[in-house]
Amino acid sequence: MSPIKHEQRGANGAASSTHYLGTATAMAVLARGGNAFDAAVAAGFVLQVVEPHLSGPGGDLPAVFVTAGDTTPRVLCAQGVAPARATVSLLRDELGLTIVPGTGLLAPTVPGAWDGWLILLRDHGTMSLAEVLGPALRYAASGFPLVPRIPTTIATVADHFREFWPSSAATWMPDGTVPTSVHRLPALAATWQRLLDAAAAAGSDRERQIDAARDAWYRGFVAEEIEAFVRTPVRDESGRDHAGLLTADDLAGWEATYEDALTVDVGDGWTVAKPGPWSQGPVLPQTLQLLRDTELRYDDGVASAETVHRAVEAMKLALADREAWYGDSAPVPIETLVSPEYAAARRSLIGEKASLELRPGSPDGREPRIGAYAAQPGHKHGDGVSGLGLGEPTVSRTGVMRGDTVHVDVVDAAGNMVSATPSGGWLQSSPTIPALGFCLGTRAQMFWLEDGLPSSLVPGRRPRTTLSPSLGLRDGEPRLAFGTPGGDQQDQWQLCFWLAHTVGGLDLQAAIDSPAWHNTAFPSSFAPRGWEPGGLVVESRLGAATLAELSRRGHVVTDQGEWALGRMCAVGRGDGPLLRAAADTRSGVGAASAF
C-alpha cells in the first residue's frame with residue numbers, strides 16, 4: 001500500500017517533475033524571482049543529467065504553454081527532423097532494413113532540445129543562460145546521485161558497451177565497473193562550459209548570449225563533432241555496423257519553432273491543448289470526444305469496470321487513427337479527427353466486448369492506410385507491449401529499448417504555465433560522442449520504411465513522436481499543466497488522470513494516485529514495433545471483480561501490481577490565489593512542490 005500523499009499548495013509557484021532534483025531546481029529558481037519558464041528550463045537541464053537513461057542533451061523537446069499576458073496555448077516544437085540523406089530507398093533498398101534500427105547511428109534526428117530550451121528561455125524567461133544551466137553543470141561536474149534504474153540500465157548494456165561502444169563504456173563505467181552511488185560527467189560539463197563561454201563572448205545582452213550559444217551548438221563545434229563522430233560505423237539493433245547520416249549542414253539548417261496548440265473543446269467547459277499530429281497529442285482529445293455523453297462512474301476514487309472498458313475501447317479507436325493518419329510526411333485531416341461529428345460516427349464501434357482489431361476511421365471519406373509491417377500483430381515484444389509500467393524503459397543487452405522520457409510542469413503566480421516532455425538521447429541507445437560527453441537520440445525509429453504513409457521516412461520531416469505534454473483550460477482559463485513519461489502510454493495514463501480528476505472529482509494528487517490502466521492493442525512506436533490484440537495492462541487496485549469483468553468482456557488482462565503504471569506530473573491553478581502541484585508516488589523519484 002502506497003502511503004497517502006497530499007496535493008501541494010502555495011500562492012507563489014508550483015512545480016512537478018519526474019525527479020526530485022528537477023523539482024527542487026525549479027522551486028529554487030522560482031524562489032530567486034525567476035518565472036515559470038526560467039524554472040522549467042533549469043529543471044529540464046538537470047533532468048538531462050540525473051535521468052540520463054530517460055533524457056539527454058542530444059534528445060528532443062515538445063512543450064505547451066501559456067504566458068501571463070496571453071492565455072492562448074502555444075506549442076514549442078523542438079523535435080528534430082530526419083537528415084537530408086535519410087531516405088526509404090537508402091535504408092530499405094540499399095541497406096536491406098525493414099524498420100529503422102532502434103539503436104546506433106541510423107536513427108538519430110537533428111538534436112532539438114538545446115535549441116528548444118534556449119528559445120523558450122530567450123523569448124519568455126528572464127534569467128541568463130548561465131543562471132539556468134548552472135545547476136545542471138554543477139551536477140555533471142561534481143557528481144549526481146544515481147536512482148536505482150540507472151545502474152540497472154548500465155549493467156544490462158555493459159557487455160555491449162565494452163565490445164561495440166567503447167566511448168559509452170568510458171563514460172558510464174570509467175573504472176570498468178557499473179557505478180552504484182554517485183557519478184560524474186566531466187566531458188558533458190566541459191561542453192556546457194564551452195557553450196557558456198561562447199555566450200559570454202557575445203557581450204552582456206541576455207538574448208545575444210543565448211543566440212550565441214545556439215550558434216555554437218548548431219553552427220559551431222557541437223555540429224562539427226557530431227558529423228565527425230557519426231562517420232565511423234557502429235553496431236546497431238540490426239546486428240550490423242552502420243555509419244550515421246547526420247551532417248553539420250543538417251544541424252545548421254534547423255531550428256526549433258513555435259506553433260498554435262491544437263485546442264479541442266471536450267465538454268463540461270473543458271478544453272485540452274496539445275501538440276499537433278506530428279506527436280501523438282491528438283489521441284487524448286480524440287478519446288475524450290468519443291467518451292462525450294458517456295456515463296462514466298468512479299466509486300471511492302476508483303473507476304468502474306464499465307468506465308475502464310469504455311475508456312479502453314475509445315482509446316483503441318484513437319490510437320488506430322494515430323497509426324493511419326498522424327505524422328509529418330503527408331497532410332493530416334486533424335480538424336475532422338478531433339471533431340464531435342467524427343467521434344459520433346465512430347462511437348457506435350464501441351461495443352460490450354473488447355475489440356481485437358485495429359480499426360482506423362475514414363475522415364472526410366478518405367481510406368485509411370496502415371503500413372504493412374504495422375498491420376500485422378505479434379511481432380517481437382519488448383517495446384511497450386511488455387516491460388515495466390512505471391514509464392521506465394525496457395532495455396535489452398544491445399540497448400534496444402521501449403523508450404522513455406521525463407516530464408516537468410511549472411506554474412507561477414503571474415500566470416505563466418508550461419508543460420514539457422523532454423526525451424531522447426538515452427545513454428543506452430546510441431554511443432557517447434567522446435568530445436561532447438553525450439549521445440544522440442534515436443527518434444527516427446518511429447518512421448516507417450514504406451512510401452506514402454503520414455509517418456514515412458522523408459528527409460527534413462519530423463518523426464511521429466510519442467511525446468505529449470498537455471494543458472487543460474476551464475471556460476477559457478488555463479487551469480492544468482500535466483503529462484507523463486511512458487512512450488505509447490503517455491496519453492493513456494493522462495486519460496486515467498483526466499477522468500479521475502474531471503469525472504471522479506479527485507484533486508490532482510488523488511487523481512494521479514487513482515488506479516491506472518493502458519492497452520497494448522496497437523502497433524508500438526518503438527522498434528521492433530510489436531502489438532497484442534486485446535492486450536490490457538491494469539493495476540490490481542481496480543479490484544478483483546473489475547478485473548474479472550474486463551476478462552469476461554474479452555480483454556487480455558495483465559495485472560501489473562498495485563502501484564505500477566505511470567509517472568504522472570501535474571500543476572494547477574484556479575482555487576483562489578493558490579497554486580497546486582502533484583507528482584507520481586509509484587516511482588519513488590518524482591516530486592511536487594509549491595510555496
Side-chain angles (χ1 to χ4, degrees), residues 21 44-59 103-105 108 110-115 117-118 129-130 132-147 150-151 153-154 157-158 160-162 164-200 213-232 234 244 246 248 251 399 406 422 424-442:
L21 290 178
F45 283 131
V46 166
L47 294 175
Q48 291 178 0
V49 178
V50 300
E51 295 197 287
H53 59 313
L54 305 177
S55 177
T103 66
L105 298 177
V110 173
W114 178 257
D115 205 54
W117 285 128
L118 264 61
L129 178 59
V132 298
L133 186 56
L137 194 157
R138 288 190 290 274
Y139 282 125
S142 301
F144 60 97
L146 298 175
V147 298
I150 298 174
T153 299
I154 296 170
V157 294
H160 183 77
F161 280 5
R162 293 186 184 104
F164 298 112
W165 296 355
S167 60
S168 294
T171 300
W172 297 103
M173 301 179 293
D175 64 356
T177 63
V178 174
T180 58
S181 179
V182 177
H183 195 65
R184 297 174 59 249
L185 296 171
L188 174 59
T191 294
W192 277 339
Q193 186 58 59
R194 192 172 172 185
L195 290 162
L196 288 179
D197 292 343
R214 294 171 62 214
D215 284 341
W217 183 294
Y218 291 93
R219 287 160 286 280
F221 78 96
V222 174
E224 292 167 1
E225 293 289 355
I226 288 173
E227 179 177 288
F229 180 77
V230 303
R231 289 174 183 158
T232 301
V234 302
L246 271 177
L251 274 74
V406 299
W426 308 305
L427 73 88
Q428 64 274 18
S429 59
S430 188
T432 300
I433 303 171
L436 300 175
F438 64 82
C439 62
L440 297 170
T442 53

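Just so it is clear, the structure is predicted and the values come from calculations on it, not from any experiment.
Minimum interatomic distance between Leu195 and Ala216 (heavy atoms only, all atoms of both residues): CD2-CB, 3.7 Å. Contact between Val49 and Ala136 at its shortest, heavy atoms only, is CG2-O, 3.7 Å. Heavy-atom minimum distance, Trp426 versus Thr442: CZ3-OG1, 3.6 Å. Of all non-hydrogen atoms in Leu105 and Thr232, the two that sit nearest each other are CD1-O, 3.5 Å. A pairwise comparison of heavy atoms in Ala213 and Ala199 identifies CB-CB, 4.2 Å as the closest pair. Nearest approach of Thr191 to Phe221, heavy atoms of both residues: O-CZ, 4.0 Å.
With contacts defined as side-chain heavy-atom distances shorter than 4.5 Å, the pair Ile226/Pro111 qualifies. Taking 4.5 Å as the limit, every side-chain heavy atom of Arg194 sits out of range of all side-chain heavy atoms of Val222. Looking at heavy atoms from C-beta onward, Leu21 lies in side-chain contact with Pro145 at the 4.5 angstrom threshold. Contact check for Leu137 versus Leu196: side-chain heavy atoms found under the 4.5 Å cut-off.
Of the possible donor and acceptor atoms, one in the side chain of Ser167 sits under 3.5 Å from a partner among the backbone N and O of Thr432. When atom types are taken as modelled, the side chain of Tyr139 and the backbone of Val50 share no donor-acceptor pair closer than 3.5 angstrom. Of the possible polar contacts, one joining the Ser430 side chain to the Gly104 backbone as a donor-acceptor pair under 3.5 Å is found. The backbone N or O of Ala141 lies less than 3.5 Å from a partner atom in the side chain of Arg184, making a donor-acceptor pair.
Listed by chain and number, the residues in a side chain to side chain contact (heavy atoms under 4.5 Å, CB included) with Ala223 are Ala248, Leu251 (sequence neighbours excluded). Every salt bridge (Lys or Arg N to Asp or Glu O under 4.0 Å) that Arg231 has, sequence neighbours left out, goes to Glu227. Residues meeting the salt bridge (Lys or Arg N to Asp or Glu O under 4.0 Å) test with Glu224, sequence neighbours left out: none. A search for salt bridge (Lys or Arg N to Asp or Glu O under 4.0 Å) contacts involving Arg162 returns Asp159, not counting sequence neighbours. Judged as a side chain to side chain contact (heavy atoms under 4.5 Å, CB included), and not counting sequence neighbours, the contacts of Ser55 are Gln48, Val406, Pro422. Remark: Arg219 engages Asp215 in a salt bridge (Lys or Arg N to Asp or Glu O under 4.0 Å) (not counting sequence neighbours).
With rounding to the nearest 0.5 Å, the separation of OG1 in Thr153 from CG in Leu146 is 10.5 Å. Phe229 CZ to Cys439 SG: the interatomic distance, rounded to the nearest 0.5 Å, is 9.0 Å. With values rounded to the nearest 0.5 angstrom, Ile433 atom CD1 is found 4.0 Å from Leu440 atom CG. Taking CH2 from Trp192 and CZ from Phe438, the interatomic distance works out to 9.5 Å, rounded to the nearest 0.5 Å. Rounding to the nearest 0.5 Å places CZ of Phe45 at 5.5 Å from CG of Leu118. With rounding to the nearest 0.5 Å, the separation of NE2 in His183 from CD1 in Ile150 is 9.0 Å.
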Practice task
Would you please test Val46 and Phe144 for side chain to side chain contact (heavy atoms under 4.5 Å, CB included) and show each step?
Solution key: CA-CA 10 Å; Val46 166; Phe144 60 97; over 6 Å; no

Exercise for the section: Go through the steps for Thr103 and Trp165 under the test side chain to side chain contact (heavy atoms under 4.5 Å, CB included), then give the verdict. Expected result: CA-CA 11 Å; Thr103 66; Trp165 296 355; 4.2 Å; yes

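Note on ring orientation: taking the six-membered ring where Trp is involved, the planes of Trp114 and Trp217 are parallel (angle under 30°, cut-offs 30° and 60°).
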